[in-house]
Amino acid sequence: MRKLNVGMIGGGFMGKAHSLAYAGMPMFFWPAPGIPHRHTVVDITDEIAKDAAARYGFDHYSSDWRKVVEDPEIDIIDIVTPNDTHAEIAIAAAKAGKHIISEKPLARTTEEAKRMLDAVTEAGVKHMVAFNYRRTPAVALAKKYIEEGAIGKVLNFRGTYLQDWSADPNSPLSWRFRKDVAGSGALGDIGTHVIDFARYLVGEIDEVMGVATTWIKERPVQSGGADKLGTVKSAGDVEKRPVDVDDEISTLLRFENGAVGSIEATRNAWGRNNFLTFEIHGELGSICFDYERRDQLQVCFSSDPDDRRGFRTVFTGPNTPYGAALWPIPALGIGYGETKIIETHDFISGIVNGTEISPSFEDGYRISVISDAILESSEQGKWVKTK
Ligand code: SOE
């Protein structure tokens, strides 16, 4: 079984998720398409990287990502750093002939995303952007239903991603509120997951009409350390600096295939934790998904008799997508970790078997173009084409 050495750049929250997936993937998917080996982890100092290596099970550590990218022993570069570093690392990794998985959004800007896409295309390496939620088995099941025609022609997609970790104005100004680091706000951070759902489940988006808002215009400066996602709050007596990205977006959509829809994303919706949802209406039925109840789909089919029509719950399990590799009984519980394990499986399969990988940097680039169109449409107050 082929072993693939991973060089992981970044040892924070996403580093934890990816490390778990490298360790866990062969335990679930057996025989595994290949064995990812946790070779080297990089962080900003040797001390922090050493700690990450011990914690996440890497053989080596480094504070110099360039050396790791050039290391002939490394097969895969995994980018789990803030958005402002994705392009430089990915382009160097492509030039060094490494396969690349990058966290989302692919880049801060469409120009950066395009350069990354060009670099991997020219190098002929495999590439993936980590929109992991489409690997939730229930989301893959929704895709299967749609492809089988169970709800007929899709008419409407309504997607939301609502969180509340930044609803308090005294939660810190993390890099996620700075345009120079993040590129955009709620749109890039979480709205892009919903754009990925829309394209995956319904098809390419042709036109958008968006409204972007920034409700909280300044936040307390964070006093160093990792991004705590709103869990630390200042007493209100520290220096505040401006937020220069959106903190809420709403947009209408027109798809190339004629379907219509909407997307909303905010991290300021009190009471919403990871409320990533979609409701899809077709000529023959409807499908609803809510990540906070991620083992289930709610489905309604027009073929149900009139006197018992309504939503029913289908739990994912061994007989639904990816299920044979997961747990033997429906509703034992699918988590964030499982989505990353499945993502890793599909990435490694693509490398080893030479099959197409999705979402790729091409998808990441398209999502960036659509995101730009949403912001442009908000500024101009009119529909904007995405091509
Ligand atoms: C913060 O909003 C965040 O960590 C996102 O960056 C992730 O993509 C999402 O999966 C969870 O929330």
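We count ligands from 1, going down the list as the structure has it; atoms in each ligand are counted the same way.
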Handout entry: Parallel, tilted or perpendicular: ring planes of Phe29 versus Tyr322, cut at 30 and 60 degrees
Key = perpendicular

Problem - Phe347 six-ring face occupied by Lys126 cation (under 6.0 Å, within 45°) - result: no

Handout entry: Ring-face cation contact, Phe177 with Arg219, 6.0 Å cut, 45° max
Key = yes

Handout entry: Ring centre gap for His60 and His39 strictly below 6.0 Å
Key = yes

Practice task
Give a yes or no on whether the ring-centroid distance for Phe275 and Tyr161 is below 6.0 angstrom.
Solution key: no

Problem - Any pair counted as side-chain hydrogen bond (donor to acceptor under 3.5 Å, both in side chains), so long as it reaches residues 20-33, sequence neighbours left out - result: Tyr22-Asp78

Extract all N/O-N/O pairs under 3.5 Å that connect ligand 1 to the protein, and present each with both atom names and the distance rounded to 0.1 Å.
| from | atom 1 | to | atom 2 | distance (Å) |
| --- | --- | --- | --- | --- |
| ligand 1 | 2 (O) | Gln163 | OE1 | 2.8 |
| ligand 1 | 2 (O) | Trp165 | NE1 | 3.1 |
| ligand 1 | 2 (O) | Asp189 | OD2 | 2.8 |
| ligand 1 | 6 (O) | Lys104 | NZ | 3.1 |
| ligand 1 | 6 (O) | Arg176 | NH1 | 2.8 |
| ligand 1 | 6 (O) | Asp189 | OD1 | 2.5 |
| ligand 1 | 8 (O) | Lys104 | NZ | 2.7 |
| ligand 1 | 8 (O) | His193 | NE2 | 2.8 |
| ligand 1 | 10 (O) | Tyr133 | OH | 2.5 |
| ligand 1 | 12 (O) | Gln163 | NE2 | 3.0 |

